Protein chains: 4
Amino acid sequence: MELDKVKIHKMGRARNPARTREDLIAAATGIFREAGYFATDSNAIARKAGYAPASFYKHFTDKADVLLAVYARYREEEWAGLQTAAQAAGPGQMRQLGAALDFLITFHQAWTRFRTDLRSVALLDPKVAEAIKAARREQLTRLSVLTGSNLERDAAPLLIILVLAERLSEVVAEGAALDVARADILRAAALSLSAALDIRVWGR
Amino acid sequence: MELDKVKIHKMGRARNPARTREDLIAAATGIFREAGYFATDSNAIARKAGYAPASFYKHFTDKADVLLAVYARYREEEWAGLQTAAQAAGPGQMRQLGAALDFLITFHQAWTRFRTDLRSVALLDPKVAEAIKAARREQLTRLSVLTGSNLERDAAPLLIILVLAERLSEVVAEGAALDVARADILRAAALSLSAALDIRVWGR
Amino acid sequence: MELDKVKIHKMGRARNPARTREDLIAAATGIFREAGYFATDSNAIARKAGYAPASFYKHFTDKADVLLAVYARYREEEWAGLQTAAQAAGPGQMRQLGAALDFLITFHQAWTRFRTDLRSVALLDPKVAEAIKAARREQLTRLSVLTGSNLERDAAPLLIILVLAERLSEVVAEGAALDVARADILRAAALSLSAALDIRVWGR
Amino acid sequence: MELDKVKIHKMGRARNPARTREDLIAAATGIFREAGYFATDSNAIARKAGYAPASFYKHFTDKADVLLAVYARYREEEWAGLQTAAQAAGPGQMRQLGAALDFLITFHQAWTRFRTDLRSVALLDPKVAEAIKAARREQLTRLSVLTGSNLERDAAPLLIILVLAERLSEVVAEGAALDVARADILRAAALSLSAALDIRVWGR
DNA sequence: TATGAATGAGATTTCATTCAT
DNA sequence: CATGAATGAAATCTCATTCAT
């Protein structure tokens, strides 16, 4: 105990690279979601995480590099939440779809700024573009498994579903600004998506 | 004579404010669509238009301000194109929808970078956010007129339609990267959109 | 007069690019010769010249770029001084050679740090290496004209002469540190150089 | 056994300070000769030697300090090579001189970058300047013994010889860039040096 | 002894913007 | 109106060096 105290004394910095990396990613996550990617600098990320600017560059090559790390977290969280939501909804395709959309809207709303900036960065940095593409492939595969559909044949409607689901939070946000109720949007989206699902994924 | 010479020597450019503004917007349009908003600086816009950096600030308060001017052009072009496409397609809702989507995909593909950056800037600049919101209101109104639907009641599906249509070009681009055919995506999207139209816009 | 005062009022900065460039080169010259290339940064050069750091980059692409500009001045000054010294010495090859060496020693002594750093930078930056090579070609040509020798045939001894002359200031400096008189070194160098001249430049 | 494992796990490297120092000097030698002093950082030296950055500072106070260690090696190697070359050449002053120059050119060519940077560093760091001065004293003494001349009286020509010999590799390199043959330069240099030797070292 | 994570200090560079003409 | 030189302010990134283990 005494020794532990001594150890910690005057360190301030966690001499644990994995932990440091985590701290930086966590700080970047907060900053990217609140202030946005373009409104901050790598120094701010390091400082917020409790480290010196130079430490940032020991863990990431540049700002886009943390963005990718945050993106990986985002996808994990999204996927876990989706599964939980679908399971909690009980049986019934429409019910599951509704629950999934409900989760997605809430989830993406918290990440709107991040997602938007991610797309802009992808146009500037091929690394990011490639990461998004890879993520999309993974999502398509997962979704085809989840819906029991064929990835090859149903790629188009699956893509539509993914993209529409992804944008729903923005539609809700826009809807709120235009006095359209969240429940109405959710219902319209569910119908639209189920149309895509019915008609293509399970054939005519 | 002596004085005139001096004047001409110093002008170099068209001393025509409206024309200058046009030139700047045209240059900004090209730059925003090709290199992107975040990849360019205002000096580059002025230079590309054939003016000095300071001239830029005689016509626009800042970079976001030209972005708005370019956005206005974008919407005019989009709307004109949509009407032309719908008329050229002849009668039949599905046919018109298909023609409209086809146009939108082509149109937006050329503006993908611009649209993407626009959303990021909107999160940084309230002016831009407000402009997007106003544009959305206008689009909703136009679309409700076009489809003979009720703006109040059908706001949700109309919004869904707008957003999905807007993203289609990106879906096509992503689809191409993942070997999904453009025609397949177009068909899936048309079906999905018509579902939204059928069920909500014209009631149960 | 009154107007001039008003004009100058609050400018501080000379709105004259050529003048600014001169100021920067002059500041860089002083800094490179006193503190050395590696001991300073471009900001210091700009500040010493009375400009902001950013102004530096309007006139030079980087630090090596000013180095080249300073180098050009250096060569002009060297050449002018050499001609003046040779003419002032009156007729007689040995006398002229002695006068030239005398000038070179004094001249190079003031530029020792610059010359030394120049060679280091040349190894880092191809631009600088190329500039030195071009300068050497020019010097060889001038020297062959001056000595009435043939550039093609006598390139080797001419090169030896150039290099030895160039290093003399350092030899004098080193000699001083080791208690060897300047006059002794000058005499030994003159003899050595005249040997090169006699034997090769005017043939056997 | 358990403890040993832990120890070995943590050491990784030879726990032999002398050996570590050697490794670091060897790595620094390679780096200084290839990339140059100013193009590398001390971390890179430690890494190349297979040690951690901090280990570097256990053996050297700073970057200039390794430079000195490398310089000591350089001088040993140079001197040994010179003696070998002179002996191998057999009797005859001109022959020996030629052989010595030939060796020096080859030797210095491999060390050009190092030598050049050494001089720049000497202007920044008095430690290095002093080391060069001491080395020069030693060389003068050795050379006076070798040529049977008087150090006091013939210091000037001996210095000239040293400096010219030192620069020859660069002259050869420059000559190559300007299409001047190595053999021509070698001959011109030998004549120039022998003039210095004849006239001063062995008196009038 | 050797480590390697971490950093302070600062060098380089960029860019939106202004100012006197 | 248009200019273009100049800049303040800051973002990105580097590097020699230290510190607790």
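Treat the numbers as computed from the prediction; the structure is a model and nothing was measured. Throughout, a chain's letter reflects where its sequence line sits, starting with A, and its residues are numbered from 1.
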Practice prompt. May I ask you to say what A/Ser42 touches in the nucleic acid, namely base, sugar-phosphate or nothing, with a heavy-atom cut-off under 4.0 Å?
Written response: sugar-phosphate
What is the separation between atom [atom1] on [X] and atom [atom2] on [N], rounded to the nearest whole Å?
X: C/Leu24; N: F/dA6; atom1: CG; atom2: C1'; result: 11 Å
X: C/Asp62; N: E/dT14; atom1: CG; atom2: P; result: 10 Å
X: C/Lys58; N: F/dG8; atom1: NZ; atom2: P; result: 13 Å
X: C/Tyr57; N: F/dA10; atom1: OH; atom2: P; result: 19 Å
X: A/Leu124; N: E/dT14; atom1: CG; atom2: P; result: 16 Å
X: C/Asn43; N: E/dT14; atom1: CG; atom2: C1'; result: 12 Å
X: A/Asn16; N: E/dA6; atom1: CG; atom2: P; result: 7 Å

**OP:** Could you label the plane-to-plane angle of the C/Tyr71 and C/Phe114 rings as parallel, tilted or perpendicular, counting under 30° as parallel and over 60° as perpendicular?
**Re:** tilted
Below 4.0 Å: OP1/OP2 of [N] and any side-chain N or O of [X]:
X: D/His59; N: E/dT1; value: no
X: D/Thr20; N: E/dT1; value: no
X: B/Tyr51; N: F/dA2; value: no

Residue pair D/Thr61/C/Ser55 against DNA chain F: nearer the 5' end by closest nucleotide is C/Ser55
For C/Pro53 and B/Ala54, find the nucleotide of DNA chain F closest to each by heavy atoms; which residue's nucleotide sits nearer the 5' end?
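Looking at DNA chain F, the more 5' nearest nucleotide goes with B/Ala54.
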Looking only at F/dG4, E/dT13, F/dA11, the nucleotide nearest the A/Asp41 side chain is F/dA11
Do B/Tyr51 and B/Phe56 have ring centres separated by under 6.0 Å?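 Judged by ring-centre distance (under 6.0 Å), B/Tyr51 and B/Phe56 do not meet the cut-off.
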